[in-house]
Every structure is written in structure tokens, then in C-alpha cells.
Novice: 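Structure provided below as C-alpha cells; questions to follow.
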Amino acid sequence: MNSKLQSRVEKVGDAVAAGNLTQLEFLALNSSLNLADGHARQELTAGQAKIIARLPDLWAEAQERTVHEIEREAQESYFHLLGQHSYPGGDGRVLSCYSSSVAMEIYARALATTTDAVALVHPTFDNIPDILTGVGLRLVPLEEDVLHGGDLPVGLLQSVGAVFVTTPNNPTGRVLSEEGLRGLAAQCAEHGVVLTLDTSFRGFDTDAHYDHYAVLEESGCRWVVIEDTGKLWPTLELKVGWLVRSANVGLPIAKVYSDILLGVSPLVLAMVRELAEDAADAGLADLHDYIAENRALLRTELAGLPDIRFVDEDTRVSVERVHVGDRYAADVWARMCEHSVYVLPCQKFHWARPAEGDRLLRIALSRSPAAIAAAARVLRSVLLDT
Ligand code: EGV
């Protein structure tokens, strides 16, 4: 590398290192080629568009009926859609939040009253470590291979008050299997550790549709699950994050929730109910096909490029990681920005060891195929030139 290029790469690297992933996502918000954030931005399907056209009716319904009824219906539709039949809706253990990050912040504050350390999956989206450290918790990395490789080391479990797992993981798409969850829950029960799951990407992968709540409840462990409607449907940031907990969790979650929220809009809850019903009538399978087609399109557009690899071969989540060979992903990212095409360099997902993400980009797939194709063409030309 010549020295001018070297210094440019270093500058870009420093700029990327200074911010967090969401700050890089902000840069993309007003671009037509925003493939940065994991929110859904594709067009509404015909079925979804019909629901949106009925928003005035849902508004009227939300004014007339009790919030409690609509909330119960939204939860019922959403949790059953994704196979979570044993969710504890009946006894008020599901709290509705504006987003999964708000749910996580509430949980983190409650958790910090009883422990000072959490084992957190590595890598994962960086706002999770940031929220947890923001309330004063110390983080211990839990490598994905260790998580999926059988029992966790006892020393690790003894050193923390909670284990936090994103499943399917963001950005890798790795899913904790039913046997994996059962084993982990048994270990957490034995050590009194709060097993915490962030299942925001659950909707995309049927391998994550086994009944997690049945496994968790049977284990007797203390557990918390954060669910998210926000990744599935292109609803302009109207969404719900659900904060779900075991009866024995022993944390002031309801109190902290009350410090922050009275509740989410019943209009949004009614909309979520309708979208979940539409998804149950085939919309979810259509979404899976749509993401798979976008992934295939991206892989085809980039095929044949020297040193380019798709590292998560079997992933089904709505993001795709690309290994850019010897290039620095931050440099590729910066060059794409010059063409107003936005993706994410992956260092910050590797919150404990950022260098492990130096050669990886994450590309969002919940976009129109035209956007994927256009961005892929720019990426292709940048890669050929870097
Ligand atoms: C993803 C945005 C927050 C986050 C995006 C995300 N950042 N909430 N601070 O929702 O994968 O792009 O999860």
C-alpha cells in the first residue's frame, strides 16, 4: 500500500473506531441506497398495504377498546406466529416497550441492582454491550463457538450474574438450538445466573421457532427474553419490543419499566396484531423467500470477485456478512459512502476484539431487490479497485 493510501485508510479506520454502529447507520438514513441498518425498509406487500390502508379503523378500535385487550391480542398473534406458544402472557409477565433497545435498557437497569457482571455473546450488535456497560455492568465475552460447543465453563458462570445471548445472532445469524438452550438453561439454573435472550431476528429463521418458553419454564432457571417486531415489517419504526421474564427472576423489572413507560400505543399494538395475522396466513413464508432471494441476488452480483467470501453460508437472517479479503472493510465502506451507498464495517460487532471484524462488511437485505442490485454493483466496482 502506498503511504497516501495508507494514511487515508488509517483516517477512515480512526473515524469508524470513534463511533458506534448506529452512528454509522445515521449517516445512511437519508440515502436511497441505505443498506446499513437492520430495520425493514422494503416495500409493503399487498397484504401489508391493506392493513396500513385500514389504520384509521385501527385508530378507532384503539380508542374504543381497552389497551389490555388489544395488547393481549397483539401478543397472542405475535408469539404464536413464531412458535412461542408457552409465552407467559396470562400473568402479566410480558411488558410492551417502544423498541427492543428500550426493553434492554429497562432490563439492564434492573439487572444492575443485583450483579456487576454479564457474559455476553461475541460478536453481537454493539448497542447491547453499550447498554449493559452503560448501567455499570462489566462484560465477559462469550465466544459463539463456546456457546454452541456444549457446556459453558463453570468458572465463567461463577463469575457473572447473567448470560446474554442474541439468537439468531446479529450479524452472524447463528441460532441457539433447542438442545443448546436446554443445556444452557440447566447450567444457569444450577448457578443462579439469569439467562437472557435477545430474539430480535427470530422471525427470519424457523430454526428459532421451537417453543423457547417451554424450555425455559421447564428448566426452572431465572430468565429474561427480549422480543422485537421491528425487524420484520416495513412499518416506519412503528414497532414493539417485548420484555418477558420468569416468575422467579428476582429483579425490579416492573418497577424500572414504570419509571420509563406507561405503555406503548394501542394503535401500534393493533397494527402489530394485524401484521402478525397476515404473516401467519403465508406472509411469513413469503418474507423468508424474499430475504433468500435478496441474499442470492447479492451473492450472484458479487460472484467471481477475487478473495470475496460469504462467511455465514447457512444464515437466514436479514443481513449478510461479506469478507473482503486483504482489504480493510472500513476502507471499502468509506469508498462506498463516496458513491452514497451505505453498509456497515463490522469491527464494532466484535466488541471485545474489534480487529476480528476488520475484513468484514454487513449488508442489510430487508430492502428492495433493486436497491440490493444497485448497491452490489457499486460494491463490486469498489472491490475491484481496492
Ligand atoms: C441493526 C439501531 C439502536 C438498531 C439496529 C440494529 N440502533 N437501536 N441503537 O436497532 O442490526 O442494524 O439492530
Side-chain angles (χ1 to χ4, degrees), residues 16 18-31 33-42 97-109 120-135 144 164-175 196-205 208 226-243 260-261 264 268 291 294-295 298 311-312 315-322 329 333 336 341-351 357 360-367 371-372 375:
V16 168
N20 63 35
L21 291 168
T22 303
Q23 288 167 326
L24 300 181
E25 293 178 349
F26 289 152
L27 299 177
L29 278 179
N30 299 304
S31 166
L33 287 177
N34 165 13
L35 285 79
D37 64 67
H39 297 194
R41 300 185 184 281
Q42 71 273 26
C97 306
Y98 299 139
S99 70
S100 62
S101 299
V102 171
M104 206 176 301
E105 172 70 21
I106 291 167
Y107 166 61
R109 275 183 52 185
L120 172 63
V121 67
H122 185 258
T124 202
F125 195 79
D126 70 347
N127 84 320
I128 303 174
D130 286 349
I131 286 172
L132 296 172
T133 56
V135 297
E144 266 194 326
F164 195 116
V165 174
T166 313
T167 177
N169 200 7
N170 179 8
T172 67
R174 279 181 87 169
V175 174
T196 315
L197 305 180
D198 171 353
T199 62
S200 293
F201 280 83
R202 186 203 289 288
F204 295 103
D205 195 335
I226 293 163
E227 306 261 355
D228 186 13
T229 75
K231 302 293 190 289
L232 277 183
W233 304 305
T235 48
L236 302 176
E237 312 294 350
L238 297 175
K239 56 191 176 180
V240 180
W242 272 302
L243 178 55
I260 293 177
L261 283 180
V264 307
V268 174
I291 297 295
N294 278 350
R295 190 182 315 281
L298 179 69
V311 288
D312 305 307
T315 179
R316 291 158 83 185
V317 296
S318 61
V319 295
E320 173 83 346
R321 286 194 302 168
V322 181
W333 169 82
M336 291 182 78
V341 179
Y342 295 87
V343 294
L344 284 184
C346 285
Q347 288 102 321
K348 293 283 164 158
F349 288 97
H350 297 260
W351 53 270
L360 293 163
L361 287 176
R362 193 196 77 169
I363 299 174
L365 299 176
S366 289
R367 300 295 189 272
I372 305 276

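Whatever order the structure lists them in is the order used to number ligands and atoms, beginning at 1. Only heavy atoms go into these numbers, but all of them, side chains included; no hydrogens, no water, no symmetry mates.
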Novice: Distance from I131 atom CD1 to D198 atom CG, nearest 0.5 Å?
Specialist: 9.5 Å

Novice: Atom NZ in K239, atom OG1 in T229: separation rounded to 0.5 Å?
Specialist: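 With rounding to 0.5 Å, NZ (K239) is 8.0 Å from OG1 (T229).
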
Novice: Working note: L21 + N127, criterion side chain to side chain contact (heavy atoms under 4.5 Å, CB included); need CA distance, chi angles, decisive distance, verdict.
Specialist: CA-CA 8 Å; L21 291 168; N127 84 320; over 6 Å; no

Novice: Carefully, step by step, assess L365 and L298 under the rule side chain to side chain contact (heavy atoms under 4.5 Å, CB included).
Specialist: CA-CA 9 Å; L365 299 176; L298 179 69; 4.1 Å; yes

Novice: Collect the protein residues that have a non-hydrogen atom under 4.0 Å from ligand 1 and hand them over in chain and number order.
Specialist: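 Residues near ligand 1: T22, E25, D37, G38, H39, S101, F125, N127, N170, K231, R362.
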
Novice: Sequence neighbours left out, what passes ring-ring contact (aromatic ring centres under 6.0 Å, His included) with F125? Give chain and number order.
Specialist: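 For F125 the ring-ring contact (aromatic ring centres under 6.0 Å, His included) partners, ignoring immediate neighbours, are F349.
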
Novice: Per the side chain to side chain donor-acceptor pair (under 3.5 Å) rule, which among E25, E237, K231 passes with H39?
Specialist: E237

